[in-house]
> 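Let me begin by handing over the structure; questions about it come next.
Per chain, numbering begins at 1; letters A, B, ... match sequence-line order. Note that this is a predicted model, so its numbers are computed, not measured.
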Protein chains: 2
Amino acid sequence: MKISTKGRYALRVMIDLAIHDTGEYVALKDISARQGITVKYLEQIVTTLGKAGLLRSMRGNNGGHRLAKKPEEYRIGDILRTMEGDLAPVECLQGDENLCPKAEECSTLKFWKGLDDVVNEYVDKFTLRDLVTETEKNFGNDYSI
Amino acid sequence: MKISTKGRYALRVMIDLAIHDTGEYVALKDISARQGITVKYLEQIVTTLGKAGLLRSMRGNNGGHRLAKKPEEYRIGDILRTMEGDLAPVECLQGDENLCPKAEECSTLKFWKGLDDVVNEYVDKFTLRDLVTETEKNFGNDYSI
DNA sequence: CTGTATTCATACTATAATACTATGAATTAA
DNA sequence: TTAATTCATAGTATTATAGTATGAATACAG
């Protein structure tokens with residue numbers, strides 16, 4: 001029942017961008033230094049986030065990335081689902097094409113669906129703002145990680 | 001965020017054993033025929049369940065397995081945690097030895113802990129009896145799968 | 001006491017997913 | 001024109017998953 005590193009790192013990237021939002025673009029090099037994640041791996045993550053419209057990017061010198069919206073407008077669930085595809089605990093819940101032919105009579109499907117629901121409800125209950133607030137509470141103005 | 005086949009199959013094994021509970025031991029061969037899981041793979045699953053005290057087993061001719069308790073005395077969470085180890089969404093929640101040194105200042109840890117909590121609360125809200133009842137509702141007396 | 005059916009124990013293996021790394025092109029600003 | 005960046009794609013090493021294989025131990029039936 002693990003979240004992949006991409007999902008976890010994406011959350012840290014988004015928090016980092018929110019905290020270091022000066023209106024300028026933030027280079028991956030800087031995020032890398034603060035978060036201890038290689039630039040190359042970050043590239044994969046921000047590409048996915050960018051294609052999903054969660055980030056704005058700028059190439060070239062002084063280029064980088066910044067949030068496309070205000071922190072309170074991102075549900076954590078949207079960030080995680082963007083990276084993970086979905087959060088379904090079993091394959092047969094991943095879209096109708098994976099729904100197995102025995103679905104009608106499957107006694108555990110309802111149970112798994114319920115689990116999927118509580119997970120999604122939870123991650124959608126929080127916004128990026130909530131995690132940023134929590135981070136600033138922990139670090140005060142000295143935040144550098 | 002997937003549950004492994006062992007976790008999913010274990011649930012089906014337990015439901016199968018509950019439904020076919022005549023007081024006798026049920027051979028893996030029979031469960032295999034009904035569930036479409038090889039005897040060899042079932043052996044691994046029931047061994048884990050047995051060591052955790054969820055099943056009683058008997059070797060030799062006419063041997064097999066049966067539930068150690070009444071269906072209503074098994075929380076689904078106990079069955080799943082037995083097979084999966086735990087249901088933690090991130091490694092740092094898997095026991096104190098994995099708690100990372102930055103835990104104190106980690107702003108996402110609380111979020112992940114909350115997710116872990118809602119998952120465990122959900123799976124502990126149901127008992128094996130609930131899934132058996134659901135299965136019998138779907139199949140009536142013709143249950144053979 | 002022998003044969004057969006079963007669990008129990010352990011080791012092995014194939015496939016897939018994860019977690020990266022590598023190479024180089026395209027773009028932008030100074 | 002140069003340097004710094006993102007963008008695109010491919011490659012790889014490690015780990016986890018999902019099984020299979022071999023054979024010993026046990027129990028009952030005859």
Side-chain angles (χ1 to χ4, degrees), chain A residues 1-13 17 24-33 35-68 80 83-91 94 98, chain B residues 1-13 17 24-33 35-68 80 83-91 94 98:
Chain A
M1 278 291 274
K2 289 285 176 296
I3 292 283
S4 73
T5 55
K6 288 198 179 175
R8 288 196 293 118
Y9 291 176
L11 223 51
R12 288 165 57 186
V13 167
L17 283 175
E24 301 291 304
Y25 288 96
V26 177
L28 291 184
K29 191 181 57 178
D30 299 333
I31 302 177
S32 172
Q35 300 294 334
I37 305 167
T38 65
V39 169
K40 280 297 165 196
Y41 202 32
L42 284 173
E43 282 179 357
Q44 285 188 23
I45 293 164
V46 299
T47 295
T48 303
L49 293 171
K51 283 182 177 163
L54 305 190
L55 293 182
R56 292 300 176 81
S57 306
M58 174 74 116
R59 286 184 170 194
N61 203 348
N62 293 329
H65 304 268
R66 59 180 172 79
L67 297 185
L80 293 178
M83 300 310 296
E84 305 285 319
D86 61 74
L87 300 172
V90 292
E91 274 186 21
Q94 292 177 251
N98 289 306
Chain B
M1 280 288 275
K2 289 284 175 296
I3 292 281
S4 74
T5 54
K6 287 197 180 175
R8 288 195 293 117
Y9 292 175
L11 223 52
R12 289 165 56 185
V13 167
L17 283 175
E24 301 291 304
Y25 289 95
V26 177
L28 291 184
K29 191 181 57 177
D30 297 334
I31 302 178
S32 173
Q35 300 293 335
I37 305 167
T38 65
V39 169
K40 280 297 165 195
Y41 202 33
L42 284 173
E43 281 179 358
Q44 286 188 24
I45 293 164
V46 298
T47 296
T48 303
L49 293 171
K51 282 180 179 164
L54 306 190
L55 293 181
R56 292 301 176 80
S57 305
M58 174 71 117
R59 287 183 169 194
N61 203 349
N62 293 329
H65 305 267
R66 60 181 172 79
L67 297 185
L80 293 178
M83 299 310 295
E84 305 285 318
D86 61 73
L87 301 172
V90 293
E91 273 187 21
Q94 292 178 250
N98 289 305

> Would you say that A:Leu17 contacts A:Ile31 through its side chain, given a criterion of any heavy-atom pair below 4.5 Å between the two side chains?
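Contact flag for A:Leu17/A:Ile31 side chains = yes.
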> Send over the distance from A:Met1 CE to D:dT17 C1', rounded to a whole Å.
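Spelled out: CE on A:Met1 to C1' on D:dT17 is 16 Å.
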> How many angstroms lie between atom NE2 of A:His65 and atom CZ of A:Arg56, to the nearest 0.5 angstrom?
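Between A:His65 NE2 and A:Arg56 CZ, I get 13.5 Å after rounding to 0.5 Å.
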> Does any non-hydrogen side-chain atom of A:Arg8 lie less than 4.5 Å from one of A:Thr5?
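A side-chain contact exists here, since the closest heavy-atom pair is under 4.5 Å.
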> Rounded off to whole Å, could you give me the CG-to-P distance for the A:Leu49 and D:dC7 pair?
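The answer, rounded to whole Å, is 11 Å.
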> If you assign each of B:Gly63 and A:Met58 to its closest nucleotide in DNA chain C, which residue comes earlier from the 5' end?
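Nearest nucleotide further toward 5': that of B:Gly63.
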> Assign a letter to each nucleotide of nucleotides 9-25 of chain C from its 5' end: B, base within under 4.0 Å of a protein heavy atom; S, sugar-phosphate only; -, no contact.
B-B-------SBBBBB-
> To the nearest angstrom, how far is B:Leu42 atom CG from C:dC8 atom P?
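Taking atom P of C:dC8 as the reference, CG of B:Leu42 is at 13 Å.
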> Whole Å only: how far is the CG atom of A:Asp30 from the P atom of D:dT5?
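About 7 Å, once rounded to whole Å.
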> According to salt bridge (charged side-chain N to carboxylate O under 4.0 Å, His left out), does anything in residues 42-52 of chain A pair up with another residue at least two apart or in another chain? List the pairs.
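Sorted pair list: A:Lys40-A:Glu43.
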> Given atom CG of B:Leu17 and atom P of C:dT7, what is their separation to the nearest angstrom?
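Value for this atom pair: 11 Å.
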> Looking for any heavy atom pair under 4.0 Å, which part of the strands does B:Gly50 touch: base, sugar-phosphate only, or nothing?
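Nothing, no nucleic acid heavy atom in range.
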> CZ of B:Arg66 versus C1' of C:dT7: gap in Å, rounded?
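Interatomic distance, CZ of B:Arg66 to C1' of C:dT7: 15 Å.
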> Could you check whether any side-chain heavy atom of A:Leu54 comes within less than 4.5 Å of a side-chain heavy atom of A:Thr48, counting everything from C-beta outward?
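No - every pair of side-chain heavy atoms lies 4.5 Å or more apart.
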> Quick one: are B:Val26 and B:Arg66 in side-chain contact, heavy atoms under 4.5 Å?
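SC-SC contact between B:Val26 and B:Arg66 ruled out.
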> Take atom CG of A:Asn61 and atom P of C:dA26, then tell me their distance rounded to the nearest Å.
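For the pair A:Asn61 CG and C:dA26 P, the rounded distance is 19 Å.
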> Both A:Gly60 and B:Gly60 contact DNA chain C. Which one's nearest nucleotide lies toward the 5' end?
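Per heavy-atom nearest nucleotide, the more 5' residue is B:Gly60.
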> Does A:Lys29 place a side-chain N or O at less than 4.0 Å from the phosphate oxygens OP1/OP2 of D:dA4?
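It does not, given that no N or O in the side chain of A:Lys29 lies less than 4.0 Å from OP1 or OP2 of D:dA4.
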> Roughly how many Å is it from OH in A:Tyr25 to P in D:dC7, rounded to a whole number?
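Checked: the OH to P distance equals 10 Å.
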> Is the count of non-hydrogen atoms from other residues, nucleotides or ligands lying under 6.0 Å from A:Glu91 atom CD greater than 12?
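No, because the 6.0 Å sphere around CD of A:Glu91 holds 12 heavy atoms or fewer from other groups.
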